[in-house]
*Asks:* 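Quick one: this structure, given as structure tokens, is what I'll be asking you about.
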Amino acid sequence: MGAIQAPDLSLAALAPLLFVFGAAAVGVLVEAFAPRDVRHPVQVTLALVGMVGAFASTILLAGTREVTAGRALAVDGAALFLQAIIAALGALSVLLFAERSLDPARSAFVASAAVPAGSLRDVELATSERVQTEVYPLASFAVGGMMLFTAANDLLIMFVALEVLSLPLYLMSGLARRRRLLSQEAAVKYFLLGAFASAFFLYGLALVYGSTGSVQLADIRAASSADGTDTLLVLGLGLLVVGLMFKASVAPFHTWTPDVYQGAPTPVSAFMAAATKVAAFGAILRLLYVGFGTADWTWRPLVYGLAIVSMVVGAVLGLTQTDVKRMLAYSSIAHAGFLLTGVIGLSNDGSGSGLAATMFYLLTYGLTTLGIFAVVTLVRDGDGEATHLSQWAGLAQRSPLTAGLMTFFLLALAGIPLTSGFTGKFAVFRAAIEVGAWPLAVIALLASAVAAFFYLRLVVLMYFSDPAPDGPTVGVAGLPTTTVLAVTAAATLVLGIVPGSVLDLARSAAVLVG
Amino acid sequence: MSDFPWLLAMIVVPAAGAAVVAALPRGRDLLAKQVALGVSLLVFLLAVLATVAFDTGGPRFQLTTSVSWIADFGVSFALGVDGIALVMLLLIGLLVPVVLVASWADTMPAHRSMRSYVAWLLLLEAMMVGVFAATDVFLFYVFFEAMLVPMYFLIGSYGGPRRQYAAMKFFLYSLVGGLVMLASVIGLYVVSNSQLGQGTFAFDALRQLDIDPGVQKLLFIGFFVAFAIKAPLVPFHTWLPDSGAEAPIGGAVLLVGVLDKVGTFGFLRYCLPLFPDASRDLAPWILVLAVIGVLYAALLAMGQSDMKRLVSYTSIAHFGFIALGIFAFTTEAATGAVLYMVSHGIATGLLFLVIGMLIARGGSRHIRDYGGVAAKAPLLAGVFLIAGLASLSLPGTSSFVSELLVLIGAFPTRPVFTILATTGIILAALYILIMYQRTMHGPPRGVLLADDEPAAAVPAGTSGGATAVMDAPARTRSLRVQDLSRRELAVVAPLVALIVALGVYPQPLIDLVRPAVAATMDDVGSDPGGITPTHPGSEGTN
């Protein structure tokens, strides 16, 4: 027996992942050994250091194009660009987690998640200022998993990353301090459906392996372009796509999204809506572009159809929502459809601006979504956040600044020019029309118009309605939330007015090695 | 002097003014109004100076500035005007200060401040200038959509009782149109990418494209729908009466006077030159819509009791005339259409302003709530009459010249449509004169009536929809109505003067727009002979 060949491992190229996973591992130790009163500042600092470090190292690595770790990981332009987005969104989300001045109990997270909701102990803890800090290492693990997801060059690693990012999210969804039952229900629902989706993914993986004899994306590509009609391969691709679309909350695999966004603590909803979407689309792009390449017989009709379903479901069902967080969930479903419109933008010769456009859209969407959830955390009544739409009536008169920010973010989501949302939409629609998918683009434009209706409805409520006498109050945001709001609003504006340099960056980063 | 970036200044100045006004502390409404008026007068001055710098015999687009904006999309921040755009800028420059003075004494709804109202007005002005001055299709689209936001807030925050509904309807109609246009804009880009090797949105480059007729038709429809919603042609018109009726008077003047002209301007600037084949092929259908608009909207106007709705419907009829002038494809008719855009802006603007003054006195928008006002307020009635006559295109008013040009110009190529549209003039006389007669003449009645005995006085203007109360013969009642104040006279005077001046001597305006119109007709390649331009020398513009 020969010695086991150690795979080549370029540690430098993995620096972003090492930073985040390192911070997460140390965070677990801190949780176990550090005294309670120093845990919160230490954990926040640790998580931020990990994510900022990861962000910085992606910038230092810019231009790297290599396949490493025994061809399991691809560190290329797309991976680094998306990892940088995830790290940045993760760091901003950690700031939202760390906000202590909004809730009277000093945290959006439950003091002890294991205590049954409604029990005496729970009531006692609800008003205590004890905060738990597991959420920070959990978030770090999730961010690590997401970053791994976008770089996975091998279906097994992709599956591992999927689980690494999902498991912490299931837990984090159940950590809300208020309305605990709703939160726990969300967590269980997310877990069950997520487990299903993982099973789909795994089954698809097995079928693809059975068909091509490899889990490497490059080998799959070689096999798929050679023998495109293999039923097993097509079936496997379909199942893999189902697993990934679930994470990206693409309809018809979206049913968990509204419940989970509504039930989870709002900072966690923000994190899920922004960062998970980026990671899932990173994996979708890599799987389809690298693994199945230009063999458009397979994935293109599938993605085309899913894009339409997702846009229509998101836009139409969003109309009927009465809860801000649910509405944003449907908005997220519609945006997943818009993103798929960009994914279509790969022409048969492998050119096309789809990759760059989708990545740019992910950036704009992530930042705007994070900002909008941050605004949602500000509007509160006695029982936590006031998320019912009617409670937002006349908000502009109580707090013009909050309403103004919210309006700005909503206009960005609606894709009104001079906001980043418009630039992003333009980029993905152009990518689709360039490859001749103009019917899809027209449907996307009409769906945008429908979606604009429910965004505007909130604007109407805030500005043109009179406030209810016992309406919610607008909390005074502490430094962390203020930072998040400032960064996301500035980004939404700048990417709308002078997006040139970032678009160029996305274009030059639109490289997938395989 | 022509190197000065006039157009950029006309965008930056009101935008900066809006920011300054919005940043003023609460309660400084007077200061806000003064700053806004100063800014808007400065913009007007800039527009006038730009007109002086404009050379009617020169190249098609003048006063151009262009900087690369989003290189990846091939977008540049390119501004420039032809004669058509220039007169629209003049109209904007004129109407905004007029509207500001007209709104000077308005009381704002609860919780709304004059400060934010004028800030939105100035922002709207900046966007409107941008729409007309853009020579890059992408930039045009950006302003086209961004323009909705200030108007949306003007209607929604400061409008009438159904303002929420009206604001939403306005926004959604325009947004849908805009998004359909966006598909065409991207389509143009893709075509330019394949033909020129590099995607561009520059109008001059796109004009050179040779687009396949089938594709042209699709792209044309995208643009057309957006513009037909803006300058409402009949199946797309239902938002305008709601918005026009619910918008505050200042907003309504700018909405109907300028904003909607973006649609007809878009026909001329984008639909015809970019898609000449499609324009020619589809022109009969558009003319059908235009003529239906002229007649149908006129009939609807006659049935309105709400004066603001009535004027909105008259505008739809007028837009039908303008579309007829544009899609008749003669220089004469299209020149008339551009003139019509200007004179409609002035005449309808004046009509809205006068009605606003009447509503400010009586508190009701309904015709039935007024009567016999002329006896007590002759100036108000006189201006009302002038505005009304200008709207029905009486000879001697500016609208007459433009309407005549449209009809004469369109007759040789489209006799049937022209004859049908001409009947609209009769209807116009009906709806305008009926409104004028009922409100201004006849026995005193309506909400302005007040008891003569001071002890039992019914406070005037309390009830929105109370009809005439003539039931108590024992008590004598008479109209209590103030005639126009000095401020109001200052508002209407320039518009009245312009209506008459342009009615008597429209030549300067014609000289200004004709080269651009001729160039547009040249683009579309169908100016059938028979009508020789009055200034042949100006035909050869590039």
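Since we're looking at a predicted model, the values are computed, not measured. Chain identifiers are assigned alphabetically (A, B, ...) following the order of the sequence lines, protein sequences preceding nucleic acid strands; residue numbering begins at 1 within each chain.
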*Asks:* I'd like to know which of A:Gly415, A:Gly500, A:Ala449, A:Ala356 tops the heavy-atom pair count under 4.5 Å against chain B.
*Replies:* A:Ala449
*Asks:* Heavy-atom distances under 4.5 Å only: say whether A:Ser501 touches chain B with side chain, backbone, both or neither.
*Replies:* neither
*Asks:* Using the rule given for side-chain contact (heavy atoms from CB on, under 4.5 Å), can you reason through A:Lys425 versus B:Leu179, listing the C-alpha separation, both sets of side-chain angles and the distance that settles it, and then say yes or no?
*Replies:* CA-CA 11 Å; A:Lys425 274 208 176 116; B:Leu179 288 171; over 6 Å; no
*Asks:* Side chain from CB out, backbone as N, CA, C, O: work out which of these in A:Glu434 comes under 4.5 Å of a heavy atom of chain B, or both, or neither.
*Replies:* both
*Asks:* Rounded to the nearest 0.5 Å, how far does CD1 of A:Ile433 lie from CG of B:Leu188?
*Replies:* 10.5 Å
*Asks:* If you define the side chain from C-beta out and look only at heavy atoms, does anything of B:Met127 sit under 4.5 Å from A:Leu418?
*Replies:* yes
*Asks:* Given a strict heavy-atom distance threshold of 4.5 Å, which part of B:Phe171 is in contact with chain A: side chain, backbone, both, or neither?
*Replies:* side chain
*Asks:* Within this structure, what is the CD-CG distance for the pair B:Glu145 and A:Leu411, rounded to the nearest 0.5 Å?
*Replies:* 11.0 Å
*Asks:* Side chain, backbone, both or neither: which part of B:Leu148 has a non-hydrogen atom closer than 4.5 Å to chain A?
*Replies:* neither
*Asks:* When only pairs under 4.5 Å are counted, which of A:Thr423, A:Leu446, A:Val460, A:Leu461 shares the most heavy-atom pairs with chain B?
*Replies:* A:Val460
*Asks:* Under a 4.5 Å heavy-atom cut-off, does chain B meet the side chain of A:Leu456, its backbone, both or neither?
*Replies:* both
*Asks:* Which of parallel (below 30°), tilted (30 to 60°) and perpendicular (above 60°) describes B:Tyr189 and A:Phe426?
*Replies:* perpendicular
*Asks:* So for A:Arg507, is it side chain, backbone, both, or neither that comes closer than 4.5 Å to the heavy atoms of chain B?
*Replies:* side chain
*Asks:* Is the count of non-hydrogen atoms from other residues, nucleotides or ligands lying under 6.0 Å from B:Arg28 atom CZ greater than 12?
*Replies:* no
*Asks:* Name the member of B:Val176, B:Leu175, B:Leu182, B:Val180 that forms the most heavy-atom pairs with chain A at distances under 4.5 Å.
*Replies:* B:Leu182
*Asks:* Of the listed residues (B:Tyr158, B:Phe153, B:Tyr141), which shares the most heavy-atom pairs with chain A below a 4.5 Å separation?
*Replies:* B:Phe153
*Asks:* Provide the closest heavy-atom pair for A:Gln397 versus B:Arg112 in the form atom of the first, atom of the second, distance.
*Replies:* NE2-NH1, 3.7 Å
*Asks:* Find the one option among B:Val149, B:Asn193, B:Ile70 whose heavy-atom pairs under 4.5 Å with chain A are most numerous.
*Replies:* B:Ile70
*Asks:* Given a strict heavy-atom distance threshold of 4.5 Å, which part of B:Val75 is in contact with chain A: side chain, backbone, both, or neither?
*Replies:* neither
*Asks:* Could you check which of A:Ile497, A:Val450, A:Val498, A:Asp504 has the highest count of heavy-atom pairs closer than 4.5 Å to chain B?
*Replies:* A:Ile497
*Asks:* Would you confirm whether the ring centroid of B:Tyr152 sits within less than 6.0 angstrom of the ring centroid of A:Phe464?
*Replies:* yes
*Asks:* Please flag which part of B:Ala183 lies under 4.5 Å from any non-hydrogen atom of chain A: side chain, backbone, both or neither.
*Replies:* both
*Asks:* For A:Phe422 together with B:Phe138, are the ring centres under 6.0 Å from each other?
*Replies:* yes
*Asks:* For A:Thr407, is it the side chain, the backbone, both, or neither that has a heavy atom closer than 4.5 Å to a heavy atom of chain B?
*Replies:* side chain
*Asks:* Taking every non-hydrogen pair under 4.5 Å, which of A:Phe429, A:Phe453, A:Trp438 racks up the most with chain B?
*Replies:* A:Phe453
*Asks:* Once you round to the nearest 0.5 Å, how far does OG of A:Ser353 lie from CG of B:Asp72?
*Replies:* 7.5 Å
*Asks:* Of the backbone (N, CA, C, O) and the side chain (C-beta and beyond), which part of A:Ala444 lies under 4.5 Å from a heavy atom of chain B, both, or neither?
*Replies:* neither
